[in-house]
Amino acid sequence: MFDLKLIHEDVRREGSINRRHWLAWTAALSATPILGGRVEGRTMRAVAFASDPFVLGVASGDPDAAGFVAWTRLAPSPLEPGGGMPAEKVEVRWEVARDEAMKDVVKSGAAVATPQLGHSVHVEVGGLEANRWYWYRFRAGDAVSPVGRARTTPAPTSDPDSLRFAFASCQHYEQGYFTAYEHMLKDDLDLVVHLGDYIYEGSGRDKLVRKHAGPEIETLEDYRIRHAQYRTDPHLRAMHAKCPWLVTWDDHEVDNNYADATSEQKGVDPADFLERRANAYQAYYEMMPLRRRSLPRGPHMDLYRTIRFGRLAGFQVLDTRQHRTDQPNGDHRSPLNDAALNRKNTLLGDRQAGWLKARLLESPATWNVLAQQVMMGMVGFRSKEGEPTYSMDQWPGYADERMRLVKFLQDRRVLNPVVLTGDIHSNWVNDLRVDDRKTETSVVATEFVGTSISSGGDGKAETPGLDKRMADNPCIRFFNAQRGYVRCTVTPKTWRSDYQVVEEVTKPGAPVVTRASFVVEAGAPGAKSA
């Protein structure tokens with residue numbers, strides 16, 4: 001066995017992470033998640049719980065034509081260390097049925113919830129019929145979970161008539177209620193795509209809508225409790241049970257604006273930060289309906305993947321945090337200078353970038369979707385000197401890679417590329433060119449940017465200076481700074497995005513309105529107001 005403490009101290013003395021230390025250190029960190037797959041020894045079956053172990057609900061995700069992931073986590077006291085569970089393995093029975101009453105059961109089995117993985121369960125259900133709805137539930141001892149609803153995708157060679165899904169991001173528990181999910185529940189959706197900032201890492205603050213439990217999170221137990229606190233929200237929990245989710249993270253699942261092994265805070269040892277990242281990644285896996293291929297290995301986790309909905313849509317789910325280089329220009333809003341245009345800057349990393357291009361080249365989909373985190377539109381904000389400046393945390397900070405990617409989409413004639421984005425706590429529609437500053441060139445793709453569920457509070461219906469901003473940036477087709485989500489309806493001929501706005505999140509029960517709708521026609525890049 002590796003001695004993690006000794007390795008960590010050795011790394012700190014060196015002042016950097018060399019390859020030998022890196023391999024030993026990450027191997028040591030990898031041991032904990034691997035233990036979750038070992039089921040030797042005593043497993044508790046006849047368990048009597050003093051309170052409901054399924055208070056965090058159920059969820060499904062990453063569907064394919066033969067099945068989906070069914071998830072739950074045993075936690076009768078979710079805000080206590082260990083979730084109120086004993087440090088023992090517990091058998092969890094599961095079943096999948098064709099009906100909500102769970103009478104027509106078609107698949108069933110048993111899984112083991114281990115303390116090493118926070119007593120979470122990730123069942124990869126297979127052998128189901130393509131393109132139909134199913135229902136599922138779990139049993140542990142004398143307790144039965146709520147019933148969840150999931151679906152399989154259409155067969156890979158089929159041509160579905162439509163796909164209806166919503167995408168969301170940025171749900172700060174302290175800054176607002178998750179009212180958007182209350183309304184999303186009423187939409188007839190096939191999928192939900194979550195683009196990151198599922199939790200926020202900061203310490204609890206008084207005089208806000210709700211209060212985080214505990215200080216700023218850093219340990220595995222901290223991250224587990226924070227995720228559990230978010231999942232106690234009834235609207236979030238209900239939406240997870242309603243249909244499958246495709247999830248990816250942004251920064252706040254670990255720490256604000258981090259880049260690979262680099263913390264936003266100055267002077268943080270990369271070894272310290274990667275230990276924190278390992279804790280965060282494990283807790284994220286434990287709480288999300290992800291397949292075993294995403295099981296973390298210490299501070300590493302394979303999250304980018306492809307989800308296909310027949311030949312109608314292909315989702316390339318990306319990770320723009322784990323593999324990126326540090327933000328240029330000190331992560332300050334800056335012109336597109338040499339630092340921002342440096343070819344070595346990357347959001348994706350070489351491996352993910354190569355994978356993405358290969359998947360796009362082989363894709364049979366009518367609509368090719370990049371589900372990712374930070375804004376791709378090259379939107380400039382005028383400085384006091386009148387020069388346009390750009391966010392270095394977003395794609396303009398990695399402008400060379402961004403332009404090469406869009407040129408790839410153009411040159412290889414990738415069918416109908418659509419970019420879905422979160423992060424920025426506001427709604428945007430952007431027409432994407434190879435270089436958005438060259439407005440005389442052709443539009444290649446459309447970017448739909450969704451606002452936050454609650455981050456930033458209520459937001460504003462009116463934005464001073466918006467006309468000037470849009471005039472300075474002709475790529476912008478729409479902007480709005482309220483809260484909500486985006487509902488998308490996709491057919492072989494059109495893509496429609498409805499911007500669903502909740503006008504108030506600091507009080508529960510606010511209504512939802514459709515603030516704007518935009519349509520993209522297949523074969524004709526660029527969004528048009530519906």
Side-chain angles (χ1 to χ4, degrees), residues 30 32-39 56-74 92 94-96 107-114 116-131 134 136 138 148-156 165 190-196 198 227 231 240-241 243-249 253 278 280-310 313-319 321-323 351-352 355-356 358-359 369 371-372:
S30 297
T32 299
I34 290 172
L35 288 172
R38 298 175 185 167
V39 295
L56 299 179
V58 299
S60 69
D62 280 14
D64 60 24
F68 47 83
V69 178
W71 171 95
T72 194
R73 180 185 165 205
L74 305 180
V92 179
W94 59 270
E95 52 189 0
V96 175
K107 293 284 180 179
S108 62
V112 177
T114 69
Q116 290 90 348
L117 286 178
H119 290 100
S120 62
V121 175
H122 301 73
V123 177
E124 298 188 22
V125 184
L128 302 178
E129 297 175 43
N131 198 30
Y134 289 91
Y136 62 95
F138 300 90
R149 179 173 173 260
R151 65 160 298 153
T152 55
T153 61
F165 74 96
D190 295 296
L191 296 169
V192 171
V193 180
H194 199 284
L195 299 173
Y198 190 96
H227 272 283
R231 200 66 69 86
H240 268 294
C243 66
W245 284 44
L246 313 183
V247 299
T248 187
W249 52 38
E253 286 86 354
Y281 282 12
Q282 182 173 336
Y284 184 84
Y285 175 82
E286 290 173 358
M287 287 298 293
M288 295 296 157
L290 291 165
R291 294 183 181 270
R292 178 164 288 274
R293 65 186 176 219
S294 293
L295 184 70
R297 296 295 187 269
H300 307 289
M301 182 169 160
D302 288 335
L303 194 59
Y304 58 85
R305 61 207 189 277
T306 301
I307 307 294
R308 293 193 172 97
F309 199 84
F315 291 85
Q316 310 302 332
V317 183
L318 304 183
D319 173 1
R321 283 291 160 190
Q322 182 177 185
H323 310 289
R351 182 182 171 199
Q352 183 177 194
W355 165 88
L356 174 60
R359 291 296 178 269
V369 187
Q372 56 96 55

Yes or no on side chain to side chain contact (heavy atoms under 4.5 Å, CB included) for V96 and Y136, after CA distance, side-chain angles and deciding distance?
CA-CA 4 Å; V96 175; Y136 62 95; 4.1 Å; yes
Can you find a heavy atom in the side chain of [X] that is under 4.5 Å from one in the side chain of [Y]?
| X | Y | result |
| --- | --- | --- |
| W355 | Q316 | yes |
| F68 | L128 | yes |
| Y304 | Q322 | no |
| P289 | D62 | no |
| Y284 | M301 | yes |
| V193 | V317 | no |
| P299 | Y281 | no |
| R308 | D64 | no |

Looking at [atom1] of [X] and [atom2] of [Y], how far apart are the two atoms once the value is rounded to the nearest 0.5 Å?
| X | Y | atom1 | atom2 | value |
| --- | --- | --- | --- | --- |
| H194 | W249 | NE2 | CH2 | 14.0 Å |
| W71 | S60 | CH2 | OG | 11.5 Å |
| F309 | L191 | CZ | CG | 6.5 Å |
| Y285 | L295 | OH | CG | 5.0 Å |

Least distance between heavy atoms, [X] atom then [Y] atom:
| X | Y | answer |
| --- | --- | --- |
| V58 | H240 | O-CB, 3.7 Å |
| T152 | G67 | CG2-N, 3.6 Å |
| L290 | S294 | CB-CB, 4.2 Å |

Side chain [X], main chain [Y], donor-acceptor under 3.5 Å:
| X | Y | answer |
| --- | --- | --- |
| T114 | H119 | no |
| T248 | D319 | no |
| R73 | G118 | yes |
| H122 | M288 | yes |
| T153 | A130 | no |

Verdict with reasoning, V123 to K107, per side chain to side chain contact (heavy atoms under 4.5 Å, CB included)
CA-CA 11 Å; V123 177; K107 293 284 180 179; over 6 Å; no
Working note: F165 + L246, criterion side chain to side chain contact (heavy atoms under 4.5 Å, CB included); need CA distance, chi angles, decisive distance, verdict.
CA-CA 11 Å; F165 74 96; L246 313 183; over 6 Å; no
With the threshold set at 4.0 Å, does a side-chain nitrogen-carboxylate oxygen contact exist between R293 and D302?
no
Just by distance, with hydrogens left out, do Y198 and R231 show a side-chain donor and acceptor under 3.5 Å apart?
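Y198 vs R231: donor-acceptor pair found between side chains.
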